[in-house]
Amino acid sequence: MTEPATIARLRLGWRVATAVEIREVTPTARTIVFDVPGWPGHAAGQHVDVKLTSSDGYSAQRSYSIAAPADGDRVELTVQRLPGGEVSSYLVDELVVGDQLELRGPIGGWFTWHGTETMPVLLVAGGSGIVPIMTMVRQRARIADPPPFTLLYSVRTPADIYYDAELRSRPGLDVTILFTRKAFGTNRPAGRIGPDDLAAARPSGMDARTYICGPTSFVETVSVLLLAQGQNPGTIRTERFGPSGGR
Amino acid sequence: MSTISDSDHIDGNGAAGPFSEALGIDATNAVLTCARCARPSRFAEARVYDGAGLVARCPECTSVLGRLVSTPTDAWLDLRGAASIRVALPGGTPR
C-alpha cells in the first residue's frame, strides 16, 4: 500500500460496530475489539469517530485511535477513561461484549506509517498517545526486513504502562520508558521528558521519521526539543489530543 | 479575543472526521495558507478548538483558518481565513 497523500473521494458513512472482545489494559483503560462488517481496512496511525446515541436521541461523538493493524472486519481501540468523559466512561466502564455502537473511518492520512517507508523511525508517546504508535509497532512486526524502530514512552507510573509485556517482547524494538511521577527499574529519576532523553534515542548521523503523539503540551515540548537538536522539521509528524489524559 | 492557552486545543488529526466529511477528501493532508500570516500548513497541524462549532486556527499566528458547524442534515464550512487550500491530485508522486 502506498502512502495515500493524494486526493481520494472519501466515503465516511457510519457503520454498525459490535463489541466482540474486551481486554483490561490498565485500571483506567481497556482495549475493545469491534466487528465492523465491510470495514475497508486502515493504515497504522489512523483513527475512527465513534458515535453513541441514547434512547432519547441525544448523541455524542468522539475520535479514537485504532490500536492494531488492519485485520479483516476487526477494529481494535484502546480507550482511556477521562474524568467526566461521557463517551470514554461508557466505553471503559459499561460496554459489554455484544453491545453495538456507530463508528466511521478510517480517518486521517498524515499521522500514518505504512510499512513501505525505509527511514529509521523514532516514536515518542505520552500517556495514551501510545495507542496509534502501538499500531505502527505491530505493523512493523508484520514486515520482512523492517527499518529500525526506537520508542520513547512517557507515563506517570509503572501502573500506567499500556501493552507492557508486549512492548518488552517485541524483537528489534528499542524501548525506553520514561516515568514522570514514580520511577521503577531505571536509573533515570522520575521527571518529564527532556533533551537528554531525546538525544539518547535519536539515531546518530541521520534524521529518523518521527511520530509524536500525546497531550498537546507534551507534543509541543518534544517538537521544540527535537528542532533545537537540529532535526529537520519535515521528518516530524505530530498528533495532539488535548489538555491531558488522552483519548 | 479570548486568551488561547497552549493546551486547550487538539490538532487537525482528531478533528479530521467532520472536516473530511464536509470536504469529501482526507482533510489532514490538505495544505491551508493562512490569509493573515501567509504561512502554509497541513490541516493536521492546525490548532482545533471545540467552541461555536469546530474552529481551526493557524499553528503560526493562531488566526482562524476555518470553522465547521454541523447540523443533523448539513455541514457549514467557513474557510474565509484560508487564502488557499492545496490538495494533492491522484497520480501525483507520493511523498
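Residue numbers begin at 1 in each chain, while the letters A, B, ... track the order of the sequences. All heavy atoms count here, side chains included; hydrogens, waters and symmetry mates do not.
Here A/Arg237 does not pair with B/Glu45 in a salt bridge; the nearest charged N to carboxylate O distance is not below 4.0 Å.
Residue B/Arg39 qualifies as enclosed at atom CZ: its count of foreign heavy atoms under 6.0 Å is above 12. Within 6.0 Å of atom CH2 in B/Trp76, 12 or fewer heavy atoms from other residues, nucleotides or ligands are found, so the atom counts as exposed in its surroundings. Annotation: A/Arg192, atom CZ; neighbour count of heavy atoms from other residues, nucleotides and ligands within 6.0 Å does not exceed 12. By the 6.0 Å contact criterion, CG on A/Asp145 is open, its count of non-hydrogen atoms from other residues, nucleotides or ligands being 12 or less.
When all heavy atoms of B/Asn13 and A/Thr238 are compared, the pair lying nearest together is ND2-O, 2.9 Å. Closest non-hydrogen pair, B/Asp26 versus A/Gly108, comes out as OD1-CA, 3.7 Å. Looking at every heavy atom in both residues, B/Thr28 comes nearest to A/Trp110 through OG1-N, 3.3 Å. Across all non-hydrogen atoms, the minimal contact from B/Gly17 to A/Arg104 is C-NH2, 3.4 Å.
With rounding to the nearest 0.5 Å, the separation of CG in B/Asp8 from OG in A/Ser217 is 11.0 Å.
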For residues 63-70 of chain B, dump all side-chain donor-acceptor pairs below 3.5 Å to protein atoms at least two apart in sequence or in another chain.
residue: B/Arg67; atom: NH2; partner: B/Asp78; partner atom: OD2; Å: 3.2

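Distance alone, capped at 3.5 Å, places no donor-acceptor pair between the A/Thr216 side chain and the B/Ile10 backbone.
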Walk me through whether B/Arg47 and A/Arg240 qualify under side chain to side chain contact (heavy atoms under 4.5 Å, CB included).
CA-CA 9 Å; B/Arg47 296 172 160 221; A/Arg240 303 156 179 84; over 6 Å; no
